[in-house]
Protein chains: 4
Amino acid sequence: MGIKERKEREKGARREEIINAAERIFFEKGFAPATMDEIAESAELSKGTLYLYYKSKEDLYIAVLLRGSEIMYEMFKKAIATDENPIRHLFNLGEAYFAYFQEQRNYFRMYYFLENPRIHSQVSSEMMEQCELLDTRIWDLVVGIIRRAVEGGLLRDDVDPLEAGVMLWSNSNGLMRLIDRDEWAWTGKHGLNLEAMLRKANKLLVQAMMTEKAKASFDDLVTPARP
Amino acid sequence: MGIKERKEREKGARREEIINAAERIFFEKGFAPATMDEIAESAELSKGTLYLYYKSKEDLYIAVLLRGSEIMYEMFKKAIATDENPIRHLFNLGEAYFAYFQEQRNYFRMYYFLENPRIHSQVSSEMMEQCELLDTRIWDLVVGIIRRAVEGGLLRDDVDPLEAGVMLWSNSNGLMRLIDRDEWAWTGKHGLNLEAMLRKANKLLVQAMMTEKAKASFDDLVTPARP
Amino acid sequence: MGIKERKEREKGARREEIINAAERIFFEKGFAPATMDEIAESAELSKGTLYLYYKSKEDLYIAVLLRGSEIMYEMFKKAIATDENPIRHLFNLGEAYFAYFQEQRNYFRMYYFLENPRIHSQVSSEMMEQCELLDTRIWDLVVGIIRRAVEGGLLRDDVDPLEAGVMLWSNSNGLMRLIDRDEWAWTGKHGLNLEAMLRKANKLLVQAMMTEKAKASFDDLVTPARP
Amino acid sequence: MGIKERKEREKGARREEIINAAERIFFEKGFAPATMDEIAESAELSKGTLYLYYKSKEDLYIAVLLRGSEIMYEMFKKAIATDENPIRHLFNLGEAYFAYFQEQRNYFRMYYFLENPRIHSQVSSEMMEQCELLDTRIWDLVVGIIRRAVEGGLLRDDVDPLEAGVMLWSNSNGLMRLIDRDEWAWTGKHGLNLEAMLRKANKLLVQAMMTEKAKASFDDLVTPARP
DNA sequence: TATGAATGAGCTTTCATTCAT
DNA sequence: GATGAATGAAAGCTCATTCAT
């Protein structure tokens, strides 16, 4: 009975190896320029074997992407695994997202390059489902935090948790893309500190949604629980 | 000497025709799926002639993009060609950008697809220069408005005009991309009004940068000068 | 000693199952588009097992074909298992072949697709032998009938039984292929009744080979024995 | 003005060269095993150029086939370009078809291999039209001869010209395929003269359709006009 | 200047067959 | 005997770019 299990394990391991290889190539070249030949070679497998484990190049891309989302999810969970107040958690999430952006820049880029609709339309439904599942889990987490902040009287009660989340998220993305693509231009030529701006903009948005009471004790709220 | 001028004029006209054709194709298909054959056919020119006027497919793409920036620049200029106060002008610029996003969606998309690093790296230096020139003109305009708002005591004097501009711009972009790509998901499934959110977020950011005095007369500042 | 027999029986049964599956797939898709994977799946066996029982895809194709020939042979035997006269038997065979064509169209088509020389050259010698064996049995049967007709003074004695058989058979095939492939064209566009033509042509050929005596009593000869 | 013509001529010549090369490869290997690479190499052209002149492998196959049909058409026209009687013309056509079969065996085979429906469905409409045009011309010729024979009182007036033509043609095809595939078996092993049988069967069919008057003077009718 | 024929590298996917377990 | 993972060759088609005319 151990045989079946071992086979399962090996199969899983093989899938891992393939993703590892695909990751190396996609990170380096992006989607279109990457070739299945390169990935196969990098995985030290035949091209045919790749297709034994993943239905298409697009699926493989998504599989790598999912790994990135998984990482992000874990980072987010850890960011709120404290007994701090929701506002603090919200800032923690912002920091976690920024850390993800900085530490896992390759995944971040893959996610954005995903915009190419051609990839989107070729992905198998299984992969799609996994994507959506993970997406949902991440959003649930974020929205949950904001809701708690509203319920706790820290954010104004006319704040829609999802709306607030989307607003902060898209604001972050706008600046992150800037940092990713043009940091040299803005920082070097114009002396901007884009990272600080990102934090500032988010802080402004959050403050604008806070109740008067919360604003009054803002420093307390956003100071790490244990210095 | 008239001959030389005529030749110049004709050359310019031919370049226009080519961009017109390229635009039609790129708008319809995006970068990669568009082919030089299609563009040549649409321009009623031979493929070889295309290369006589533009060095590469990438250059052609950028040429179309530049036209979009030109349009944006004109819209921006018009948006501040009133004798309103700078805060009002700032909101006008925001609206102009949103109008550009809505009315010139094709250019907006082309601009973002530009992120693909492959395109970036193949563009000729002449094109690059033109891009930067136009970029500068647009940013000068935006930054100028914000500077005047600071100088006029409407925005706090610790506000860096460029920083503020970039912040508002990237915040807008983040939400615009969302609208462009996933509006159906966020609006349909979750009932969000992304357009309203965009305006709200920008307003919050601007308010957060306003002086107390300006905030007090906010409604006056942002009400159109003459109804 | 029972063990060996059981094993034999099981082996035979397994071969049957495989042919059943191969048949389903080949009938549906033809030779080239059918894949060993599909056949294996349809047989609920592993691909490797297929190769344990049949040397190649081609062999499997021939194995299915043989089953078709077997059916044809049985139909032919039944067609002459009456105590009618040889001319009647000859027409019975013609009808049997047509019935085979109509009822077992899939086998008929497989047989003709066999013309592809690629298949031919990959078949194992064992399969080839079986093919020839069955072929011989069928031809013996046909030739036997014609010989009896000659010996019985119904067909002219300058008629070579094998030659006559081949003539009738190839004439039938020519029209059957037409029916199978292009019936809609000839029937629909030109109003031909290809089935009637097939019968007519064969009848003409047989009549042309009959003795004067037999021709005189043609109607008696070809009227079913018992109405 | 000569330039345009020369270009036209060269383009035509290039198409010819490509067909020549395709012919060599298709004759040797058949459709599926032939590769565009081989054809390109044989044509001393790049693969891309092939696709400049022909839309697909299938189209190229049909183009070669059309050449075969053209040859057949010319042979048929020549076969009846005498002032002989229609019955004689009919036999001439039979001989011409057999000559085509013998001398242009490769084209004959290509035509039959065409049965593969996969080829059929991929052919461009222009090619299809050309095929049908040529087909029609050939059939018009055959049917015209038979009609004249009926009108001249040589064939019975219940003979449908098209039906008679199809009957003779499919009968011929049945035997030709046999000759092409299995001559060695039937001739070598069983001593049949398939070629003679083909002539005999057709003769029997024609005779069976002749009027009594014509049958009486059969020898006169089918003896070449000028020995 | 304008043409358009020619190039040829490049890419994903399929599948019969093998072989270690 | 049975498995099924792994192979790797094969193949059609596209397209940006060049260059002789």
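A quick note: this is a predicted structure, and the numbers were derived from the prediction, not measured. Order of the sequence lines fixes the chain letters, A, B, ..., with proteins taken first and strands second; residue numbering starts at 1 for each chain.
- When rounded to the nearest whole Å, the span between CG of D:Asp59 and P of F:dG12 equals 14 Å.
- Taken to the nearest 0.5 Å, the CZ atom of C:Arg24 stands 3.5 Å off from the OG atom of C:Ser42.
- Under 4.0 Å is where a charged nitrogen must lie from a carboxylate oxygen, and between C:Arg6 and C:Glu10 at least one such pair does.
- When the C1' atom of F:dG4 is taken as reference, atom CD1 of C:Ile39 falls 17 Å away, rounded to whole Å.
- Salt-bridge check for B:Arg67 with B:Glu16: passed, with a basic side-chain N closer than 4.0 Å to an acidic carboxylate O.
- Ion pairing of D:Glu17 with D:Arg14 is present here, as a side-chain N (NZ or NE/NH1/NH2) and a carboxylate O approach within less than 4.0 Å.
- Checking B:Arg14 against D:Leu45, the closest nucleotide of DNA chain E that is more toward the 5' end is the one next to B:Arg14.
- When base pairs are accepted only as Watson-Crick or G-U wobble with both N-N or N-O distances under 3.5 Å, DNA chain E takes part in stems of 3 or more pairs at E:2-21 with F:2-21.
- For the pair B:Glu41 CD and E:dT3 C1', the computed distance is 15 Å after rounding to whole Å.
- The distance between atom CG of A:Leu50 and atom C1' of E:dT14, rounded to the nearest whole Å, is 14 Å.
- Not counting sequence neighbours, the partners of A:Ala63 by the side chain to side chain contact (heavy atoms under 4.5 Å, CB included) test are A:Ile19, A:Tyr54, A:Met127.
- Note that the CG atom of A:Leu50 and the CG atom of A:Asp37 stand 9.5 Å from one another [nearest 0.5 Å].
- When rounded to the nearest whole Å, the span between CD of C:Glu44 and P of F:dA2 equals 15 Å.
- Between the CZ atom in B:Arg105 and the CZ atom in B:Phe27 there is a gap of 12.5 Å [rounded to 0.5 Å].
- Using a 4.0 Å heavy-atom distance criterion, B:Tyr53 is classed as a sugar-phosphate-only contact.
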Completion exercise
For nucleotides 14-21 of chain F, 5' to 3', base contacts (B), sugar-phosphate-only contacts (S) and non-contacts (-) with protein non-hydrogen atoms under 4.0 Å give BBBBB---
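- Put simply, OH on C:Tyr61 is 17 Å from P on E:dC15, counting in whole angstrom units.
- Taken from CE in D:Met128 to CG in D:Asp59, the straight-line distance is 9.5 Å, to the nearest 0.5 Å.
- Between D:Lys11 atom NZ and E:dT3 atom P the separation is 15 Å, expressed in whole Å.
- For D:Leu60 and F:dC13, the CG to C1' distance is 13 Å, given to the nearest whole Å.
- Rounding to the nearest 0.5 Å places CG of B:Leu60 at 5.5 Å from CE of B:Met36.
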